[in-house]
Amino acid sequence: LLLGVAQNSTNPAESAEAWEIIGLAASQTGNVADAILYLKRGLSAYDPFSHQGATVKWMIGIAQWTLQGERGNAIASWQDAIEKFEYNRLMADRANNKEKRDWYAGVIETLKEALAMMQSERLGL
């Protein structure tokens with residue numbers, strides 16, 4: 001059902017969200033390579049610097065960490081997601097939205113810590 005929505009919807013956000021859900025399901029069932037492909041399809045339908053785009057980019061990185069040959073891509077995906085969240089923090093700051101700005105600042109700190117932890121655990125850095 002979701003595949004039909006993803007492929008046939010005329011609403012890009014709806015299509016992107018459907019691909020995101022399909023990718024998450026594929027990842028949860030151990031089909032990580034396909035999960036990455038589905039998530040990338042979802043990502044392509046979102047505004048590149050949107051909150052959703054940043055979230056999907058992070059999800060792609062999570063899947064990539066599980067594949068031995070994808071760890072360099074996982075780092076790049078997570079760094080890209082962090083940059084996208086930093087952009088959203090900046091936009092919230094410019095809009096004088098302190099609550100949103102602070103939320104993004106906290107998330108960014110958590111994501112940077114997660115990246116450092118994964119690099120240490122998986123790569124010995």
Side-chain angles (χ1 to χ4, degrees):
L1 180 63
L2 279 174
L3 189 56
V5 171
Q7 293 174 333
N8 300 316
S9 177
T10 57
N11 180 337
E14 184 178 70
S15 178
E17 189 173 342
W19 283 119
E20 186 178 347
I21 294 167
I22 293 167
L24 178 60
S27 179
Q28 290 174 334
T29 58
N31 195 351
V32 179
D34 282 345
I36 292 168
L37 294 174
Y38 297 140
L39 290 168
K40 285 182 177 180
R41 286 181 185 171
L43 179 64
S44 71
Y46 283 126
D47 178 313
F49 284 93
S50 67
H51 175 94
Q52 295 89 344
T55 301
V56 173
K57 193 68 175 190
W58 189 264
M59 291 170 67
I60 291 168
I62 290 170
Q64 290 169 325
W65 277 114
T66 66
L67 299 175
Q68 187 71 28
E70 289 287 317
R71 294 199 175 142
N73 290 331
I75 291 169
S77 290
W78 278 15
Q79 288 171 333
D80 190 35
I82 291 167
E83 288 176 16
K84 291 174 188 306
F85 278 117
E86 286 175 340
Y87 173 83
N88 281 275
R89 185 204 53 78
L90 178 62
M91 292 298 102
D93 189 43
R94 287 184 179 168
N96 291 321
N97 189 333
K98 181 183 180 335
E99 183 178 331
K100 203 176 216 183
R101 181 200 66 210
D102 292 348
W103 184 88
Y104 278 115
V107 167
I108 291 164
E109 189 61 33
T110 299
L111 299 180
K112 286 181 178 181
E113 289 171 8
L115 177 57
M117 183 184 74
M118 288 299 279
Q119 287 177 311
S120 176
E121 283 181 13
R122 303 281 170 103
L123 304 174
L125 299 176

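Just so it is clear, the model here is predicted, and its values are computed rather than measured. Any value given below was found using the heavy atoms of this structure, including those in side chains, with hydrogens, waters and symmetry copies removed.
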Write out all pairs satisfying salt bridge (Lys or Arg N to Asp or Glu O under 4.0 Å) with one or both partners inside residues 105-118, taking only residues at least two apart or from two chains.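 Listed by first then second residue: E86-K112.
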Gap between atom [atom2] of [Y] and atom [atom1] of [X] - 0.5 Å precision:
{"X": "M117", "Y": "T110", "atom1": "CE", "atom2": "OG1", "result": "11.0 Å"}
{"X": "K57", "Y": "Q52", "atom1": "NZ", "atom2": "CD", "result": "15.5 Å"}
{"X": "N88", "Y": "K100", "atom1": "CG", "atom2": "NZ", "result": "7.5 Å"}

Write down the atom of [X], the atom of [Y], and the distance for their closest heavy-atom approach.
{"X": "G42", "Y": "A16", "answer": "O-CB, 3.4 Å"}
{"X": "G53", "Y": "S50", "answer": "N-OG, 2.9 Å"}
{"X": "P12", "Y": "A45", "answer": "O-CB, 3.6 Å"}
{"X": "R89", "Y": "Y104", "answer": "CB-CB, 3.5 Å"}

Report yes or no: do L67 and L24 belong to one cluster of Ile/Leu/Val/Met/Phe/Trp/Tyr joined by side chain heavy-atom distances under 4.5 Å?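 L67 clusters together with L24.
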Can you get from I22 to M59 by hopping between Ile, Leu, Val, Met, Phe, Trp and Tyr side chains that sit under 4.5 Å apart?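 No, no single cluster joins them.
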L111: what forms a side-chain contact (heavy atoms from CB on, under 4.5 Å) with it, not counting sequence neighbours?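 If we apply the side-chain contact (heavy atoms from CB on, under 4.5 Å) test to L111, skipping adjacent residues, the hits are W58, I82, F85, V107.
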Between side-chain atoms of residues 68-75 and protein atoms elsewhere (two or more places apart, or another chain), which donor-acceptor pairs fall under 3.5 Å?
{"unit_1": "Q68", "atom_1": "OE1", "unit_2": "R71", "atom_2": "NH1", "d": "3.3"}
{"unit_1": "E70", "atom_1": "OE1", "unit_2": "N73", "atom_2": "ND2", "d": "2.9"}
{"unit_1": "R71", "atom_1": "NE", "unit_2": "W65", "atom_2": "O", "d": "3.4"}

Can you pull the side-chain hydrogen bond (donor to acceptor under 3.5 Å, both in side chains) pairs that have at least one residue in residues 76-85, sequence neighbours excluded?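 Non-adjacent pairs meeting side-chain hydrogen bond (donor to acceptor under 3.5 Å, both in side chains): Q64-S77.
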Taking only distance into account, with no hydrogens and no angle test, what donor-acceptor pairs under 3.5 Å do side-chain atoms of residues 29-40 form with protein atoms, sequence neighbours excluded?
{"unit_1": "T29", "atom_1": "OG1", "unit_2": "A25", "atom_2": "O", "d": "3.1"}
{"unit_1": "T29", "atom_1": "OG1", "unit_2": "A26", "atom_2": "O", "d": "3.0"}
{"unit_1": "N31", "atom_1": "ND2", "unit_2": "D34", "atom_2": "OD2", "d": "3.0"}

Given a cutoff of under 4.5 Å between side-chain heavy atoms of I, L, V, M, F, W and Y, with clusters grown through shared members, what are the other residues clustered with M91?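 F49, Y87, L90, which link up through side-chain heavy atoms under 4.5 Å apart, make up the rest of the cluster.
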T55 side chain to H51 main-chain N or O, any donor-acceptor pair under 3.5 Å?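 Confirmed, T55 side chain pairs with H51 backbone.
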